[in-house]
Amino acid sequence: MSDRSHRHSSPLTYGGIKLYAGSSTPELAKKIAGYLDLPLCGRDIVTFPNDNIFVKLHTSVRGQDCYVIQTTSIPVHFNLMEMLILIQTLRLDSAARITAVIPYLCYTRSDKKDQPRVPITARLVADMIEVAGADRYMTLDLHAQQIQGFFSIPGDVLYVYHVLIDYMQDLKSKLKDPIVISPDLGFAKKARNYATSLDLPLAFIEKRRLSNEPTAKALTLIGDVKDRDCIVMDEEISTGNTIITAVNLIKEKGARDIYVFFFHPVLAPNAVERLTALPVKQFVTTDTIPIPPEYKKLFGKRLKVMSVYKLLGEVILRANQGRSVGEMFNE
């Protein structure tokens with residue numbers, strides 16, 4: 001990624017950057033603000049006894065370029081509603097432009113009607129963000145690329161690849177005959193991109209989800225992991241069932257050391273206890289969702305959290321100045 005040497009070299013397309021943070025990811029918001037050498041703007045967020053959320057800005061944003069930083073993880077509905085109300089508050093105060101910066105976007109697994117009489121909730125969430133008043137959105141590693149088509153507003157869908165890949169290259173040099181593992185066929189394309197960049201072979205686990213319950217059955221390992229160090233990758237870990245099944249299967253097939261990389265640490269209740277019982281040497285994730293201190297304590301030194309603040313901060317800067325985001329990645 002580019003450094004900040006061009007910070008003042010381009011005229012602003014809009015007014016100055018105003019950063020607003022919801023309550024879901026305070027540390028990441030502070031890091032982004034620090035990267036941009038800007039303060040987080042003051043706002044009051046109050047939850048009344050009836051669970052209604054109230055927002056008030058400390059200063060006017062008329063004519064300003066506003067960015068709302070809010071991840072929509074657990075508690076999903078509170079965090080989503082808080083973001084929507086904050087966006088609408090900025091709109092009603094005549095902000096020139098509002099960008100929803102959503103490190104983790106909720107409901108992205110509900111992206112199609114894959115059975116009768118079910119919703120497409122990802123589309124509903126996209127509509128809600130637009131109706132609230134967002135002019136743009138910014139997010140990381142959507143579950144499915146077609147979700148971009150649910151938005152009528154422009155956006156930047158970024159990838160934690162740019163945060164993880166250097167660390168993975170360094171790790172590769174220390175491993176014995178390493179191989180990348182996709183824990184299901186749905187993640188195979190992304191896993192292939194990582195394996196190609198790392199110049200490593202790729203193995204797949206074929207599984208079948210049997211119902212709407214968070215359970216899955218591993219059927220087949222496609223590839224050879226015997227006496228090899230394994231890099232298991234997935235988009236997010238919620239219940240942990242997919243990763244637990246994958247790790248146990250490849251261990252049965254003779255895998256040596258196992259490293260688990262996942263982009264979004266959703267970590268539903270009881271998941272961490274089950275994950276930390278696995279024969280995994282290291283878990284590597286990002287701070288798109290904050291991990292509670294008690295969870296970090298359970299992982300201990302086996303957990304490494306890579307921050308996405310530089311990636312998001314640089315894209316915010318370029319969006320404000322009307323400069324290319326693609327050139328950050330030589331695209």
Side-chain angles (χ1 to χ4, degrees), residues 17-30 32-33 38-111 118-140 142-143 147 150-153 155 236 238 264-269 287-295 312 316:
I17 295 173
K18 296 291 183 182
L19 298 175
Y20 283 88
S23 59
S24 66
T25 180
E27 292 305 316
L28 176 59
K30 288 176 185 176
I32 293 171
L38 292 171
L40 290 171
C41 295
R43 83 292 183 272
D44 295 326
I45 299 177
V46 178
T47 303
F48 291 125
N50 62 358
D51 258 6
N52 287 194
I53 300 168
F54 175 78
V55 172
K56 182 176 181 180
L57 310 180
H58 289 186
T59 57
S60 172
V61 294
R62 184 179 296 273
Q64 301 302 297
D65 191 16
C66 298
Y67 296 81
V68 176
I69 304 166
Q70 177 82 328
T71 206
T72 52
S73 55
I74 299 170
V76 171
H77 304 116
F78 181 91
N79 288 334
L80 175 61
M81 199 67 197
E82 184 183 270
M83 178 180 69
L84 297 173
I85 295 171
L86 188 47
I87 290 170
Q88 196 211 36
T89 305
L90 294 167
R91 172 59 63 215
L92 294 177
D93 197 46
S94 302
R97 185 175 68 167
I98 302 166
T99 301
V101 181
I102 316 167
Y104 170 74
L105 181 63
C106 60
Y107 282 108
T108 56
R109 290 184 177 272
S110 299
D111 62 323
V118 297
I120 306 177
T121 318
R123 171 62 191 268
L124 174 61
V125 170
D127 288 344
M128 292 167 71
I129 292 168
E130 291 182 47
V131 170
D135 299 292
R136 302 181 71 259
Y137 70 95
M138 192 180 298
T139 191
L140 285 155
L142 291 170
H143 176 64
I147 293 170
F150 297 165
F151 288 89
S152 298
I153 55 176
E236 65 179 63
S238 180
H264 301 300
V266 178
L267 300 177
D287 58 354
T288 59
I289 298 170
I291 301 176
E294 60 270 24
Y295 287 2
L312 290 173
I316 289 171

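We use all heavy atoms of the structure for the numbers below, so side chains are in, but hydrogens, waters and symmetry mates are not. Keep in mind that what you see is a predicted model, and the values were worked out from it rather than measured.
Across all non-hydrogen atoms, the minimal contact from P269 to Y295 is CA-OH, 4.1 Å. Shown here for L40 and A29, the closest heavy-atom pair between the two residues is CD2-O, 3.8 Å. Of all non-hydrogen atoms in T288 and P103, the two that sit nearest each other are O-CB, 3.6 Å. Annotation for F150 and A126: closest pair O-CB, 3.6 Å, computed over non-hydrogen atoms.
How far NZ of K30 is from CD1 of I69: 12.5 Å, rounded to the nearest 0.5 Å. We find the CD1-CE distance between I87 and M128 to be 10.0 Å, quoted to the nearest 0.5 Å. Of the inter-residue distances, the one linking I98 atom CD1 with Y67 atom OH reads 11.5 Å to the nearest 0.5 angstrom. The CG atom of D65 sits 6.0 Å away from atom OG1 of T99, with the distance rounded to the nearest 0.5 Å. Distance CD1/I289 to CD/E236: 7.0 Å, rounded to 0.5 Å. In this structure, the separation between CG on L312 and CD1 on I32 is 4.5 Å, given to the nearest 0.5 Å.
Here the rule is side-chain contact (heavy atoms from CB on, under 4.5 Å) with V125, and of I120, T108, L80 only L80 fits it. Only one option out of I147, V76, L124 pairs with Y107 in a side-chain contact (heavy atoms from CB on, under 4.5 Å); it is V76.
Side chains of L86 and L57 form a contact here, defined as non-hydrogen atoms less than 4.5 Å apart. Looking at heavy atoms from C-beta onward, I85 lies in side-chain contact with M81 at the 4.5 angstrom threshold. Within the 4.5 Å cutoff, no side-chain heavy atoms of N79 are placed close to those of M83.
Between the T72 side chain and the Y104 main chain, a donor and an acceptor come within less than 3.5 Å of each other. With T71 contributing its side chain and S73 its backbone, the two residues share no donor-acceptor pair below 3.5 Å. In terms of modelled atom types and a separation under 3.5 Å, the side chain of D93 and the main chain of V61 share a donor-acceptor contact. Although no hydrogens or angles enter the test, the distance criterion places no donor-acceptor pair under 3.5 Å between the side chain of Q70 and the main chain of A100.
Under the 30°/60° scheme for interplanar angles, the aromatic rings of Y137 and F151 are found to lie parallel.
Listed by first and then second residue, the salt bridge (Lys or Arg N to Asp or Glu O under 4.0 Å) pairs that reach into residues 68-91 are R91-D135, sequence neighbours excluded.
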Practice item. Apply salt bridge (charged side-chain N to carboxylate O under 4.0 Å, His left out) to K56 and D44, showing your working. Key: CA-CA 5 Å; K56 182 176 181 180; D44 295 326; over 6 Å; no
Exercise for review: Check the pair I129, L84 against side-chain contact (heavy atoms from CB on, under 4.5 Å), reporting the backbone distance first and the verdict last.
Suggested key: CA-CA 6 Å; I129 292 168; L84 297 173; 4.1 Å; yes
